Colleague: 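What follows is a structure written as structure tokens; I'll ask about it next.
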Amino acid sequence: MIYQWVLGGIVSFLLGFLLLDGSRGKRVKSGAGEDLMEKMKDECFKSSGNGECRLGFGVGTDVIVVGAGVAGSALAHTLAKDGRIVHLIERDLSQPDRIVGELLQPGGYLKLIELGLEDCMNEIDAQRVLGYALYKDGKSARLSYPLEQFHADVAGRSFHNGRFVQRMREKAASLPNVKMEQGTVTSLIEEKGTIKGVQYRTKAGEELRAYAPLTIVDVPSCFVGLVLENCQLPHANHGHVVLADPSPILFYPISSSEIRCLVDIPGQKVPSIASGEMAHYLKTVVAPQIPTELHSAFISAIDKGNVKTMPNRSMPASPYPTPGALLMGDAFNMRHPLTGGGMTVALSDIVVLRDLLKPLHNLNDAAALCKYLEAFYTLRKPVASTINTLAGALYKVFCASPDQARKEMREACFDYLSLGGNFSNGPVALLSGLNPRPLSLVLHFFAVAVYGVGRLLLPFPSLQRMWIGARLVWGAAGIIFPIIKAEGVRQMFFPVTVPAYYRSPPIH
């Protein structure tokens, strides 16, 4: 309708304020890292018969990384390239079989290039992803990533998580100063409030200890997932999001012949797979709402019993600086997997940490290092908090609700993104990690709310519609502001006002 385009013009004027939000990300100057040690021995040795495990270097290990997932493997490779001696301990080195961590946004792919790990996408049948297709009540809209200013190779990637993780592990283990070992970390070794290393159990059941000035812990997180075979997505090379009732359904390719389907089931109680409740739920509630092109393959996947469930939760980053230790990955910060932003945040964190550690020639002063690494929690905030907030807010908007104001917000979001141009490019740039600016996120979110109010009031307002519009705006504020508060308003929007932003490397 004409009034929608008039309203769109008004909203675009509001978005003009985005031009005031300049990029303020601080880049830490990179110094030369230590030269690689001449040689690394392959085995550990026990000293004094006390079960302590130390790598065969005269000065010992620089960093212990617990967990060889995407973040842990990438971090080990990155630190080792800078001359650090890294001990990487993973509970199970066999190929993981997970239903999340399979979609890397373009912003994450750029970080992968920056870390020199883009070749890990080779030989795993990874699929290029160029945007999203939204489905709601029989309508659809295609949203493309704004990639015009980037190299032709830059796009999202989707893949089998396990294949990607194994490639990352191989890449890390190829460096001579990375010791990768299968073992279960049972505890952190603490002395006078400082983490000195870890105690772990080897694959053979032997209890060992490993020591290093810095220990970094990366623990993987975890929808209902199944794999669809012998079918094609309606829009090739696009993720597909169905705004279903009660919550979104996500489809994306993970190989040239397989499509991952993730079904969000809200609430604590998940239908039982063993009793057949899950199959009944998927066939009767979910199947009628998915695109017809995927329906037969969806039913076939259910009949094969190829259904997995993994718990999902969100956890804002709450820094707890501890001398000698640093949390990363899902052990530190999780967000809803709807937007596929987890790996983008993790790889961005690794870039920040790499740049912070580069000027340091040794990591042995635990107190000074802990104080210096407080900058990590501040420097990561604008990118991480934008992706975290978007994931949480979009999930709440996309979920069905009996409340009329929430229904209008959901409809407004779909129609707003369907307008194209800046109305879709801005939000998609946020989602993809290409432009993770917090102010841009807030402005677009409330632009959707204003658009929704306009849809209600035009062409003929009424008291009832005005009341729903007021509740729509109030509801939008109730969605996004609590998430922002949990992330930290000051760190997210005004990081330069946080003293830790200006931490200098320790002198010694």
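Just so it is clear, the model here is predicted, and its values are computed rather than measured. All heavy atoms count here, side chains included; hydrogens, waters and symmetry mates do not.
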Colleague: Which heavy atom in R335 sits nearest to a heavy atom in G342, and how many Å separate them?
Modeller: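 Heavy atoms only, the tightest pair is NH1-CA, 3.5 Å.
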Colleague: Does some side-chain heavy atom of V217 sit less than 4.5 Å from a side-chain heavy atom of V198?
Modeller: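 When only atoms from C-beta onward are counted, V217 and V198 do not touch, as no gap falls below 4.5 Å.
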Colleague: Could you walk me through whether Q166 and R163 pass the side-chain hydrogen bond (donor to acceptor under 3.5 Å, both in side chains) check?
Modeller: CA-CA 5 Å; Q166 290 300 87; R163 297 175 186 174; over 6 Å; no
Colleague: Is the shortest heavy-atom distance from the side chain of P106 to the side chain of F150 under 4.5 Å?
Modeller: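 The answer is no, as the side chains (C-beta and beyond) never meet within the 4.5 Å cut-off.
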Colleague: Quick one: closest heavy-atom pair of T378 and P495, and the distance?
Modeller: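 It is CG2-O, 3.8 Å.
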Colleague: Is any side-chain heavy atom of S432 closer than 4.5 Å to a side-chain heavy atom of Q105?
Modeller: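 Of all side-chain heavy-atom pairs linking Q105 with S432, at least one is under 4.5 Å.
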Colleague: Between P427 and L390, what is the shortest heavy-atom contact and its length?
Modeller: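 Closest heavy-atom pair between P427 and L390: O-CD2, 4.5 Å.
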Colleague: If we count only N and O atoms by modelled type, under 3.5 Å, do the side chains of H160 and Q95 hold a donor and an acceptor together?
Modeller: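 No, no side-chain donor-acceptor contact under 3.5 Å.
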Colleague: If you measure from CG on L379 to CG on L373, what distance do you get to the nearest 0.5 Å?
Modeller: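 Answer rounded to 0.5 Å: 10.5 Å.
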Colleague: From D349 CG over to L327 CG, what is the distance, rounded to the nearest 0.5 angstrom?
Modeller: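 So the gap between those two atoms works out to 11.5 Å.
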Colleague: Please report the interatomic distance CD1(I302) to CD1(I273), rounded to the nearest 0.5 Å.
Modeller: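 Rounded to the nearest 0.5 Å, the CD1-CD1 separation comes out at 11.5 Å.
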Colleague: If every non-hydrogen atom of M180 is compared with every non-hydrogen atom of A172, which pair is closest and at what distance?
Modeller: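 Nearest heavy atoms, M180 then A172: CE-CB, 4.4 Å.
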Colleague: Do R503 and E374 come within less than 4.5 Å of each other through their side chains, counting heavy atoms only?
Modeller: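 Side chain of R503 against side chain of E374, heavy atoms only: contact under 4.5 Å found.
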Colleague: Once you measure the plane-to-plane angle for H336 and Y395, does it fall in the parallel (<30°), tilted (30-60°) or perpendicular (>60°) bin?
Modeller: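 Ring orientation, 0 to 90° scale: parallel.
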Colleague: Is N161 reaching over with its side chain to a backbone N or O of I99, donor-acceptor style, under 3.5 angstrom?
Modeller: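 Checking the backbone N and O of I99 against the side chain of N161, no donor-acceptor pair under 3.5 Å is found.
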Colleague: Using side-chain heavy atoms (C-beta onward) and a distance below 4.5 Å, is I189 in contact with Y211?
Modeller: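 They are in side-chain contact.
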Colleague: Can you tell me if H235 uses its side chain to pair, donor with acceptor, with the backbone of H240 under 3.5 Å?
Modeller: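 Checking the backbone N and O of H240 against the side chain of H235, no donor-acceptor pair under 3.5 Å is found.
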Colleague: With rounding to the nearest 0.5 angstrom, report the CZ to CG distance, R260 to L226.
Modeller: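 CG of L226 is found 7.5 Å from CZ of R260.
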Colleague: Taking all non-hydrogen atoms of both residues into account, name the closest pair between A301 and V227 and its distance.
Modeller: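 Nearest heavy atoms, A301 then V227: CB-O, 3.4 Å.
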Colleague: In Å and rounded to the nearest 0.5 Å, what is the CD to CZ distance from Q491 to R380?
Modeller: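 Between atom CD of Q491 and atom CZ of R380 there are 11.0 Å.
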Colleague: With rounding to the nearest 0.5 angstrom, report the NZ to CZ distance, K381 to R490.
Modeller: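 Reported to 0.5 Å precision, the distance equals 13.0 Å.
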Colleague: Do L104 and F159 have side-chain heavy atoms sitting under 4.5 Å apart?
Modeller: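 SC-SC contact between L104 and F159 confirmed.
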Colleague: Would you call N237 and V129 a side-chain contact if the rule is heavy atoms closer than 4.5 Å?
Modeller: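 No, their side chains stay 4.5 Å or more apart.
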Colleague: State, yes or no, whether a side-chain contact exists between L294 and L233 at a heavy-atom distance under 4.5 Å.
Modeller: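 Sidechains of L233 and L294: in contact.
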Colleague: What is the minimum heavy-atom distance between A80 and V178, and which atoms define it?
Modeller: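 For A80 and V178, the tightest heavy-atom pair comes out as CB-CG2, 3.4 Å.
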